[in-house]
Amino acid sequence: MNDGQKANTSDIERLVKASQAGDRNAFDKLVRLYQRRVMRMAVRMLGNANEAAEVVQAGFVKAYLGIGKLRNPKRFEVWLLRIVANAAISRARAAKRRAEKVKVAGYYENKKNLSPVERASARELKEAIQQAMLKLSKKEAKAIALFGLKDLSHRQVSEIMGCSVEAARWHVFRARQKLKGLLKDHL
Amino acid sequence: MKDKNEQIDLLIERNTTEQLEAVDWDRLNTAISRRLDQARQSTTSRLRFRTVFKIAAGFAAAAAVVFVLVAVRTDTPTTVRFENRGRAVVKFVESKGSAKVEIKHTSAKATVMVGGGISLKRVAKCDIKIIDANGDKEKNGSRAAWIIIRMPEPVLADNGISRDENDFACLL
């Protein structure tokens, strides 16, 4: 868990079991432990931090309401990432249908002191990636987002995607092929 | 080929890192916490509403069953069965004494099943005695006659009414 505070497996298991017993504070700790990791995955999938923040909130709510159904607490991370990945897919589809404009204000506020040229370049890249990710299939978007997460094995990626490791690798390959064409101006 | 793949990965990673650097994590955490509170409240109120609804539905079902039972008991006519396969339906118009009887066959002996049409709590068998069955037949084939229906002792004991008062005189 490089994206947040460190916690060992037994701590996670204990927190999951406490959450299943109705301990809200335990779930809040899980949120703090995993929010950066799931946020990273959502940003990779959607290309936009504001959209990702909405997806992460919805994902945590869904996980909170359904945590009682999680049989193996050790699989919490895989289970949570799958929930958020599916929420991101739904969000991306809805955005595609509505041809939604990128929100400027929100959780993503650029704090860095960038020059106007750098800022424009960053915004351009963000919008290009966001549009490109919308053109991928849901499996391809999931695959490219999950394969980029550190400490996540290929087997875990395939579990989250609900397919074999080989199929997941194939989806990554296809996603990269498509993105090469879509983002050629930025390469 | 590999370089291009790496470039794609680096591009996505660069965009992700840039955006994550600018995320206000405390604000996001507060928003998640608020959403969780809302979800819990809405779940609690949904469960409460479901419980209230179940109780109300239970009461309504029980009331409906009671209503049906009362209606069935009230509408159940007293049936007179004659030994030679005759059958008559007795509708009591008063709590005791007179009754309207539709008769298809007459006989010297018969039994009557007294149902919910009168104030008895249960069905009771009664003896029936035809006093006079010599009247003229009407168009529909029925014949006027007087009968006496005697109630059994245990039923009378339940009602606390003497036998003489509770004997029924019916015009057939």
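Lettering follows sequence order; numbering is per chain, from 1.
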Is the number of heavy atoms from other residues, nucleotides or ligands under 6.0 Å of Arg24(A) CZ greater than 12?
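Counting neighbours around CZ of Arg24(A), more than 12 heavy atoms of other residues, nucleotides or ligands fall under 6.0 Å, so yes.
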
Has Lys178(A) got more than 12 heavy atoms of other residues, nucleotides or ligands less than 6.0 Å from its NZ?
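Yes.
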
Roughly how far apart are [X] [atom1] and [Y] [atom2], rounded to 0.5 Å?
| X | Y | atom1 | atom2 | result |
| --- | --- | --- | --- | --- |
| Tyr34(A) | Ile32(B) | OH | CD1 | 14.5 Å |
| Phe173(A) | Asn5(B) | CZ | CG | 7.5 Å |
| Glu124(A) | Asn15(B) | CD | CG | 12.0 Å |

Can Ser33(B) and Arg32(A) be said to form a side-chain hydrogen bond (donor to acceptor under 3.5 Å, both in side chains), step by step?
CA-CA 10 Å; Ser33(B) 195; Arg32(A) 280 193 292 276; over 6 Å; no

[Y] side chain reached by [X] side chain, heavy atoms, under 4.5 Å:
| X | Y | answer |
| --- | --- | --- |
| Glu6(B) | Arg176(A) | no |
| Gln7(B) | Lys180(A) | no |
| Leu125(A) | Arg14(B) | yes |
| Tyr64(A) | Arg40(B) | yes |
| Trp25(B) | Arg36(A) | yes |

Quick check on the hydrophobic clustering: are [X] and [Y] connected, directly or via other members, by side-chain heavy-atom contacts under 4.5 Å?
| X | Y | value |
| --- | --- | --- |
| Met161(A) | Val78(A) | yes |
| Ile160(A) | Val165(A) | no |
| Leu152(A) | Phe147(A) | yes |
| Leu65(A) | Val55(A) | yes |
| Val61(A) | Leu81(A) | yes |

Below 4.5 Å from any heavy atom of chain B, which atoms of [X] appear? Answer side chain, backbone, both or neither.
| X | answer |
| --- | --- |
| Ala175(A) | neither |
| Ile129(A) | side chain |
| Phe27(A) | side chain |

Shorter than 4.5 Å, heavy atoms on both sides: which option in Val56(A), Asp28(A), Val31(A) has the most such pairs with chain B?
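Most pairs with chain B among the choices: Val31(A).
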
Check whether the side chains of Gln19(B) and Asn48(A) place a donor and an acceptor atom closer than 3.5 Å, and report yes or no.
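No.
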
So if I apply the side chain to side chain contact (heavy atoms under 4.5 Å, CB included) rule between Val43(A) and each of Thr17(B), Ile12(B), Val23(B), Thr16(B), which one comes out positive?
Thr16(B)

With salt bridge (Lys or Arg N to Asp or Glu O under 4.0 Å) as the criterion, how do Glu13(B) and Arg40(A) come out once you've worked through the C-alpha distance, each side chain's angles and the decisive distance to 0.1 Å?
CA-CA 9 Å; Glu13(B) 188 56 31; Arg40(A) 175 171 285 275; 2.4 Å; yes

Lys126(A) bridged to Glu18(B) by N-O distance under 4.0 Å:
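Looking at Glu18(B) together with Lys126(A), the answer is no, because their closest N to O distance does not fall below 4.0 Å.
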
